Amino acid sequence: MQEKKTRRLVDWERDLVREAVRDLGDVQARKADGTLRPGPAGDVARSIIRRLGRDLDRKGRHGAPLALARAELIAGNGWIREAIDILESMIGKEDQ
């Protein structure tokens, strides 16, 4: 069986992911306290993840990690906490 290869993120990429996690946490908090409705919250979360993908692609000159597509899909459905978990798994628990 072939092992799945993953590319480790460098420091500036991890910083971008941490910033996106912080922004998504703010959106989740606003959704929870009722100042942002669930539909628009999903749209905002999806745009944050898209921005992260563009930044990673533009600055790193490589494709964005596949986990971002999964996180974007999940956030678009309104499951912002799960999207945050996916992004946190990209940077690893030991880095937090």
Side-chain angles (χ1 to χ4, degrees):
M1 191 164 147
Q2 194 175 24
E3 229 178 281
K4 186 169 111 175
K5 292 184 180 181
T6 59
R7 187 181 70 81
R8 287 191 51 98
L9 299 175
V10 294
D11 289 339
W12 63 267
E13 291 173 323
R14 272 190 244 118
D15 291 340
L16 288 174
V17 174
R18 281 189 197 103
E19 181 182 336
V21 167
R22 188 173 44 250
D23 292 345
L24 287 172
D26 293 343
V27 170
Q28 176 65 24
R30 289 180 59 202
K31 179 183 167 190
D33 71 12
T35 58
L36 188 60
R37 291 189 9 228
D43 294 340
V44 171
R46 196 171 63 220
S47 70
I48 290 170
I49 296 171
R50 281 185 182 158
R51 183 185 67 208
L52 172 63
R54 278 195 311 270
D55 288 347
L56 288 175
D57 192 38
R58 186 177 309 130
K59 294 177 182 173
R61 294 186 180 90
H62 55 74
L66 185 60
L68 283 182
R70 205 169 122 229
E72 181 182 339
L73 179 66
I74 289 172
N77 287 332
W79 300 335
I80 298 171
R81 181 67 241 168
E82 288 78 5
I84 291 172
D85 291 342
I86 290 171
L87 294 183
E88 286 176 342
S89 73
M90 287 174 59
I91 56 177
K93 297 295 182 190
E94 71 278 354
D95 292 335
Q96 297 177 2

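What's counted below: heavy atoms across the whole structure, side chains too, no hydrogens, waters or symmetry copies. Not measured: the values here are computed from a predicted model. We number each residue from 1, following the sequence as shown.
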Practice task
State plainly whether one hydrophobic cluster holds both Leu68 and Val21, where clusters connect Ile, Leu, Val, Met, Phe, Trp and Tyr through side-chain heavy atoms under 4.5 angstrom apart.
Solution key: yes

Practice task
Rounded to the nearest 0.5 Å, what's the gap from CZ on Arg46 to CG on Asp43? Could you check?
Solution key: 5.0 Å

Practice task
Consider only side-chain heavy atoms of I, L, V, M, F, W and Y, link residues closer than 4.5 Å, and tell whether Trp12 and Ile49 are in one cluster.
Solution key: yes

Exercise for the section: State the CZ-CD distance between Arg18 and Glu88, to the nearest 0.5 angstrom. Expected result: 10.5 Å

Problem - Cluster check Val17, Val44: I/L/V/M/F/W/Y, side chain < 4.5 angstrom - result: yes

Exercise for the section: State whether the side chain of Asn77 and the backbone N or O of Trp79 hold a donor-acceptor pair below 3.5 Å, judged by distance alone. Expected result: no

Fill in the blank from the handout: Rounding to 0.5 Å, atoms CD (Gln28) and CD1 (Ile84) come to a distance of 6.0 Å

Handout entry: Arg81 atom CZ, over 12 foreign heavy atoms within 6.0 Å
Key = yes

Problem - Common cluster, Met90/Ile74, ILVMFWY with side-chain heavy-atom separation under 4.5 Å - result: no

Problem - Verdict with reasoning, Arg54 to Asp57, per salt bridge (charged side-chain N to carboxylate O under 4.0 Å, His left out) - result: CA-CA 5 Å; Arg54 278 195 311 270; Asp57 192 38; over 6 Å; no

Completion exercise
Residues at least two apart in sequence or cross-chain that pass side-chain hydrogen bond (donor to acceptor under 3.5 Å, both in side chains) with Arg37, listed by chain then number, are none

Practice task
To the nearest 0.5 angstrom, please state how far the CG atom of Asp23 sits from the CD1 atom of Ile80.
Solution key: 12.0 Å

Exercise for the section: Identify whether Ile86 and Val27 are in the same connected component of the hydrophobic contact network (ILVMFWY, side-chain heavy atoms under 4.5 Å). Expected result: no

Problem - Leu24 CG to Leu87 CG distance, which is reported to the nearest 0.5 Å - result: 6.0 Å

Practice task
First locate atom CZ of Arg14, then atom CG of Asp11, and finally report the distance between them rounded to the nearest 0.5 Å.
Solution key: 5.0 Å

Handout entry: Ala71 to Ala83 - nearest heavy-atom pair and separation
Key = O-CB, 3.6 Å

